[in-house]
Amino acid sequence: MTIKSAAAAARATVYGYPRQGPNRELKKAIEGYWKGRVTGDALRATGAELRRANWRQLAGAGIDEVPTGDFSYYDHVLDTTVMVGAIPDRHRDAVAADPLDGYFAMARGTQDVAPLEMTKWFDTNYHYLVPELGPDTVFAADSAKQVAELKEAIALGLTARPVLVGPVTYLLLAKPAPGAPADFEPLTLLDRLLPVYAEVMADLRAAGAEWVQLDEPALVQDRTPAELNAAGRAYRDLGALTDRPKLLVASYFDRLGEALPVLAKAPVEGLALDFTEAAAAHLEALAAVGGLPRKRLVAGVVNGRNIWVNDLEKSLATLGTLLGLADRVDVAASCSLLHVPLDTTAERDVEPQILRWLAFARQKTAEIVTLARGLARGTGAITAELAANRADLASRANSRITRDPAVRTRAAAVAEADAHRSQPYAERTAAQRAHLRLPLLPTTTIGSFPQTGELRTARADLRAGRVDTAGYEERVRAEIQEVISFQEKTGLDVLVHGEAERNDMVQYFAEQLTGYLATQHGWVQSYGTRYVRPPILAGDISRPEPMTVRWTAYAQSLTDRPVKGMLTGPVTMLAWSFVRDDQPRGDTARQVALALRDEVNDLEAAGTPVIQVDEPALRETLPLRTADRPAYLAWATEAFRLTTGGVRPDTQIHTHMCYAEFGDIVQAIDDLDADVISLEAARSHMQVARELAAHGYPREAGPGVYDIHSPRVPSAEEAAELLRTGLKAIPAERLWVNPDCGLKTRGWPETRASLENLVTAARTVRGELPAS
Ligand code: GLN
Ligand code: ZN
């Protein structure tokens with residue numbers, strides 16, 4: 001094909017669309033089904049209606065090829081597990097008895113059977129259900145869902161492309177099944193899995209698919225030569241099939257790197273690549289392999305995971321460059337639109353001018369269509385869209401919101417010394433000991449206490465105007481009183497106020513910081529029927545007034561014991577928000593850090609002797625490629641130190657992390673220079689204590705001895721045993737005693753009993769220490 005006809009053929013497509021419906025109809029139907037209020041048939045009807053509505057909307061907007069199979073009642077990786085017949089043994093009976101109930105049993109567990117494990121989908125906040133595979137796994141094709149959904153779309157007269165998780169990614173995301181050897185590598189099952197995919201391909205072709213998309217995002221991570229070989233083999237074998245649709249292998253979230261030549265050589269008809277953050281790397285790599293002369297290239301130029309309006313001219317330039325490099329170039333979002341909210345026009349409280357900077361799924365769809373039209377017919381065909389886009393980008397670039405001179409001047413003036421405590425740890429710790437006078441093995445908690453129904457009702461009452469601010473705050477103070485008196489009575493050493501005033505550890509701060517934006521309907525699927533509304537880091541960040549000081553000070557006024565102030569750290573504030581794309585993340589983190597630094601300093605000035613800055617997300621936003629990690633860790637740890645670097649030596653800085661394995665970031669944890677770190681550890685039997693010790697971690701640490709993810713109450717003896725294990729790695733002078741994480745999801749009865757046992761355990765083990 002010549003370049004001109006390649007351009008003329010440009011089509012608009014997407015890989016997936018938000019599933020829940022404009023009013024979260026799917027969530028309501030599924031939860032209704034779980035409670036027995038909605039029948040299976042009614043749930044299926046809702047699902048079919050939402051799929052139809054999405055396809056009609058996409059096609060109506062000008063999308064030439066709609067995705068199918070991306071819809072899910074819970075998770076598309078779990079759907080893939082069903083498609084390949086890898087149902088765990090413990091769920092087989094339930095699935096056989098009723099496929100829908102069995103499906104939800106795998107997702108959520110039942111009274112008797114544990115669910116599949118859930119974990120984050122690459123570096124997004126979407127969680128998938130982890131396939132469990134072992135040497136005995138027998139795969140069997142079940143293409144029913146894929147085939148049925150394809151037929152539904154075709155019946156609407158649409159050109160549709162089934163989207164599936166590819167076989168290599170599926171295996172790389174799996175973990176050894178219970179009972180399988182711990183070192184079992186699911187990828188060794190590839191030869192058994194490929195025939196199943198072959199069968200599904202044949203079924204989809206028979207059902208009318210011209211193309212099938214196989215998603216292989218696992219190939220944007222660092223891969224061993226053996227894994228790259230496996231990918232090459234998979235697509236050689238699938239490509240060699242005769243009874244199959246054309247194959248489009250899709251990758252997203254980063255660059256393909258060494259996997260690009262492998263896929264470029266494979267006998268598949270198309271590749272879909274991410275041209276947002278990975279654009280430069282992909283352009284270079286495509287040139288290096290001599291382009292994709294006989295392939296279709298789907299260019300993900302519209303960012304599928306942020307919420308900012310696209311720079312259409314820049315995208316057109318990228319698309320223009322690509323025209324010479326492939327047989328045909330199509331336009332798409334970089335990944336499924338699952339990761340963004342549905343529609344900005346639903347937002348009523350965002351200023352109209354700012355709303356124009358934002359693009360949710362529906363707006364991104366329009367951008368894709370515009371770009372495909374511009375590519376096919378020239379910029380003359382999209383003059384109005386380009387002019388409007390230029391105006392929106394200019395309004396954003398020149399706004400006081402994105403350019404606050406005071407914030408910028410301050411950030412530019414940050415000196416190396418600002419990100420360091422004034423004294424080294426050895427001197428600080430002596431000052432802190434004198435200041436705090438804590439026993440050995442001091443006990444504390446991670447911050448939140450049970451968020452009772454009454455507290456949630458109080459917040460709802462405040463929002464609905466049933467109670468005024470004064471009345472609401474009275475309720476919060478009563479809660480703080482109770483939490484403080486419980487901790488005193490129980491004998492904890494460093495107390496907390498309990499975080500009763502916080503709806504969410506990020507949103508609470510986002511609502512008070514200038515430059516942050518909240519949405520009313522910006523729901524994004526986190527897992528299953530759980531949706532979150534991440535706030536938007538839209539502009540330069542500043543703190544108009546203290547955010548937590550009065551609550552902490554109030555708590556401190558009730559007790560002689562030290563009360564720990566609680567803040568969410570800059571890295572976590574970014575990780576759980578939509579982040580601006582017009583400056584490096586590190587710059588945004590620095591602005592957030594400076595605002596938090598003021599809060600830390602104000603807490604200290606108000607007499608708070610211990611301040612904890614939580615960074616549970618430090619590990620999860622680690623870049624997918626190892627080569628990108630040092631730069632990330634450099635700005636991330638600097639932001640933390642900037643937050644905490646302004647306090648006196650005798651003020652003790654704590655941090656907290658959870659939800660992760662910490663082994664590969666121990667150096668970064670060390671670089672935070674926090675005086676004390678508390679970490680999740682109960683389930684792994686203090687593994688992290690050994691990792692810290694192996695690294696030579698020099699400061700104080702509290703590996704959790706109480707697993708707060710379960711209502712189970714650990715006995716005092718069990719907690720003591722964990723402490724003794726901890727003492728083998730960390731000396732008594734540096735070991736803290738605490739739960740794994742905050743207690744907000746727990747009930748009061750188990751919290752009370754568990755913390756009493758935790759204090760007893762600390763006392764018992766203190767008694768066993770050699771007298772010094
Ligand atoms: N301080 C927070 C709490 O206790 C920490 C939460 C977290 O680590 N996710 O709730
Ligand atoms: Zn935690």
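One-based numbering, in listed order, for ligands and for the atoms of each.
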(message) Is the distance between the ring centroids of Phe578 and His339 under 6.0 Å?
(response) no
(message) If you take the centroid of each ring, where Trp contributes its six-membered ring, are Tyr126 and His76 closer together than 6.0 Å?
(response) yes
(message) At a cut-off of 2.8 Å, what protein N/O/S atoms sit near the Zn ion (ligand 2)?
(response) His656 NE2, Cys658 SG, Cys741 SG
(request) Could you name each residue pair satisfying ring pair (Phe, Tyr, Trp, His ring centres under 6.0 Å) that touches residues 472-525, not counting sequence neighbours? (result) Phe486-Trp748
(message) Out of the candidates Val676, Asp673, Asp675, only one should pair with Ile653 under the side-chain contact (heavy atoms from CB on, under 4.5 Å) rule; please name it.
(response) Asp675
(request) Mark yes when over 12 heavy atoms from residues, nucleotides or ligands other than Tyr697 sit less than 6.0 Å from its OH; otherwise mark no. (result) yes
(message) Can you classify the ring geometry of Tyr527 versus Tyr74 as parallel (below 30°), tilted (30 to 60°) or perpendicular (above 60°)?
(response) tilted
(message) For a quick check: using heavy atoms under 4.0 Å, what are the residues in contact with ligand 1, sorted by chain and number?
(response) Ile446, Gly447, Ser448, Glu499, Met505, Asp614, Pro616, His656, Cys658, Tyr659, Cys741, Gly742, Lys744
(request) Quick one: which residue pairs count as a salt bridge (Lys or Arg N to Asp or Glu O under 4.0 Å) with a foot in residues 445-464, not counting sequence neighbours? (result) Asp461-Arg466, Asp461-Arg475
(message) Closer than 4.0 angstrom, basic N to acidic O: yes or no for Arg699 and Asp670?
(response) yes
(message) Both conditions, 6.0 Å and 45 degrees, for the charged tip of Arg421 above the ring of Tyr425: are they met here?
(response) no
